Amino acid sequence: LDLHVIRGIPAMTPPSVHDYLAGLGRAWRGRGVAVEVGCWLGATSLSLLTGLDEVGYDLPYHAYDRWRASSEEVAKARRCGLELAEGQDLLPLYLANVGAHSASVVAHQQDLGADFSFEFPDPVEICVLDAPKTDPLFTSAMDSLLSRAVPGVTVVGLLDYYLYERRPGRHDLLAPVDYMRRRAGQFERVSDRLEGSTAAFFRCR
């Protein structure tokens with residue numbers, strides 16, 4: 001997987017995704033909250049929050065992650081010039097990276113289990129999913145999102161929608177594709193094949 005440094009923060013997503021997220025934030029209509037599942041060190045959060053702040057976003061930004069550095073994350077961060085320790089609590093670093101935007105962040109530090117659901121009652125206008133890549137977690141997260149979606153408004157970004165193409169034989173990574181196929185009438189694709197990325201973005205009908 002390609003690694004990048006976005007505004008000084010190690011990231012697993014290319015600049016094309018960050019540009020899109022900033023634009024998505026600027027298109028916020030005030031119809032619901034923004035949510036991100038799988039935030040790592042905050043590069044994607046910062047891009048989306050920057051766009052949201054430009055249009056006066058004044059609601060909580062719900063961020064979900066375990067924020068405990070795995071050996072894989074330690075190795076990835078080192079490749080970007082950042083030293084982490086396995087098991088390190090990454091939440092303070094995440095909040096420092098999103099900086100002044102952290103005032104709106106509601107951090108849900110937890111393991112993302114198979115029965116995952118969003119822990120707030122608000123409607124969701126923007127949802128970015130990175131950590132859920134396989135079932136049953138992916139389906140749990142998407143079902144929870146749909147229960148809070150605003151028809152014709154809510155946008156969901158699946159940052160690893162096409163990851164299966166880069167991991168031959170990993171049929172479990174087809175969970176996002178299978179989910180969207182099963183519910184084809186509930187979503188419309190609004191962006192696809194951003195340069196260098198595995199992301200796809202959809203709007204709930």
Side-chain angles (χ1 to χ4, degrees), residues 1-18 21 34-50 60-120 127-142 144-145 157-176 194 196-199:
L1 183 67
D2 294 335
L3 294 171
H4 307 268
V5 178
I6 306 294
R7 296 168 70 174
I9 306 171
M12 303 178 205
T13 41
S16 61
V17 170
H18 294 268
L21 288 171
V35 185
E36 184 177 4
V37 184
C39 308
W40 197 32
L41 299 175
T44 48
S45 301
L46 182 56
S47 295
L48 181 53
L49 280 162
T50 297
Y61 183 94
H62 291 279
Y64 288 82
D65 203 293
R66 67 171 182 262
W67 284 299
R68 293 287 176 185
S70 66
S71 58
E72 182 180 7
E73 290 171 335
V74 169
K76 289 177 178 177
R78 183 175 295 121
R79 285 170 54 193
C80 294
L82 176 66
E83 289 296 327
L84 301 177
E86 188 171 353
Q88 179 179 340
D89 181 1
L90 299 179
L91 180 55
L93 182 55
Y94 169 82
L95 293 174
N97 284 339
V98 298
H101 309 283
S102 66
S104 65
V105 171
V106 178
H108 304 265
Q109 187 172 26
Q110 62 188 62
D111 288 328
L112 306 178
D115 58 350
F116 175 84
S117 64
F118 296 128
E119 301 172 350
F120 54 84
C127 182
V128 177
L129 297 182
D130 180 36
K133 307 179 197 302
T134 61
D135 275 331
L137 174 54
F138 181 82
T139 291
S140 293
M142 286 298 295
S144 184
L145 167 64
L158 305 180
L159 300 190
D160 277 326
Y161 188 75
Y162 292 109
L163 183 60
Y164 70 92
E165 295 181 346
R166 301 187 183 185
R167 305 279 177 84
R170 285 288 307 277
H171 301 295
D172 56 330
L173 294 174
L174 284 165
L194 296 171
S197 86
T198 58

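Everything quoted here is computed from the prediction, not taken from an experiment.
- Residue D65 holds its CG atom at 5.5 Å from SG of C39, rounded to the nearest 0.5 Å.
- Between H62 and F118, the ring center distance fails the sub-6.0 Å criterion.
- Taking 4.5 Å as the limit, every side-chain heavy atom of W40 sits out of range of all side-chain heavy atoms of D130.
- Within the 4.5 Å cutoff, the side chain of Y164 has no heavy atoms near those of the P176 side chain.
- The two atoms that bring G42 and V98 nearest to each other are O-CG1, 4.0 Å, heavy atoms only.
- Using a 4.5 Å cut-off on side-chain heavy atoms (C-beta onward), H4 and P15 make contact.
- Using a 4.5 Å cut-off on side-chain heavy atoms (C-beta onward), T13 and L21 make no contact.
- One finds the CD1 atom of I9 at 11.5 Å from the SG atom of C80 (value rounded to the nearest 0.5 Å).
- Side-chain contact of Q110 with Y64: a donor-acceptor pair under 3.5 Å is absent, judged by distance alone.
- In this structure, L46 CG and R7 CZ are separated by 4.0 Å, a value rounded to the nearest 0.5 Å.
- Put simply, OG1 on T134 and CG on L174 are 11.5 Å apart, with the number rounded to the nearest 0.5 Å.
- With rounding to the nearest 0.5 angstrom, the CG atom of L173 is 11.5 Å from the CZ atom of F138.
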The test is side chain to side chain contact (heavy atoms under 4.5 Å, CB included); show your working for Y61 and L48 and say whether it passes. CA-CA 10 Å; Y61 183 94; L48 181 53; 3.6 Å; yes

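- S104 places a side-chain N or O within donor-acceptor distance of the main-chain N or O of H101, the cut-off being under 3.5 Å.
- L3 contributes atom CG, which lies 12.5 Å from atom CZ of R78 (distance to the nearest 0.5 angstrom).
- Contact between H108 and W67 at its shortest, heavy atoms only, is O-CZ3, 3.7 Å.
- Between the S140 side chain and the A114 main chain, a donor and an acceptor come within less than 3.5 Å of each other.
- The shortest distance between side-chain heavy atoms of Y94 and S45 falls below 4.5 Å.
- Applying the salt bridge (Lys or Arg N to Asp or Glu O under 4.0 Å) criterion to E165, with sequence neighbours excluded, gives R193.
- Within the 4.5 Å cutoff, the side chain of L84 has heavy atoms near those of the L93 side chain.
- Residues meeting the salt bridge (Lys or Arg N to Asp or Glu O under 4.0 Å) test with R170, sequence neighbours left out: D172.
- Side-chain atoms of D89 come within 3.5 Å of backbone N or O of L91 as a donor-acceptor pair.
- Of all the heavy atoms in L159 and T198, the pair that sits closest is O-OG1, 2.7 Å.
- Side-chain N or O atoms of S70 include one that pairs as donor or acceptor with a backbone N or O of E73 at under 3.5 Å.
- The heavy-atom pair separating A85 from V74 by the smallest distance is C-CG2, 3.7 Å.
- For the residue pair A141 and P132, the shortest heavy atom distance occurs at CB-CG, 4.2 Å.
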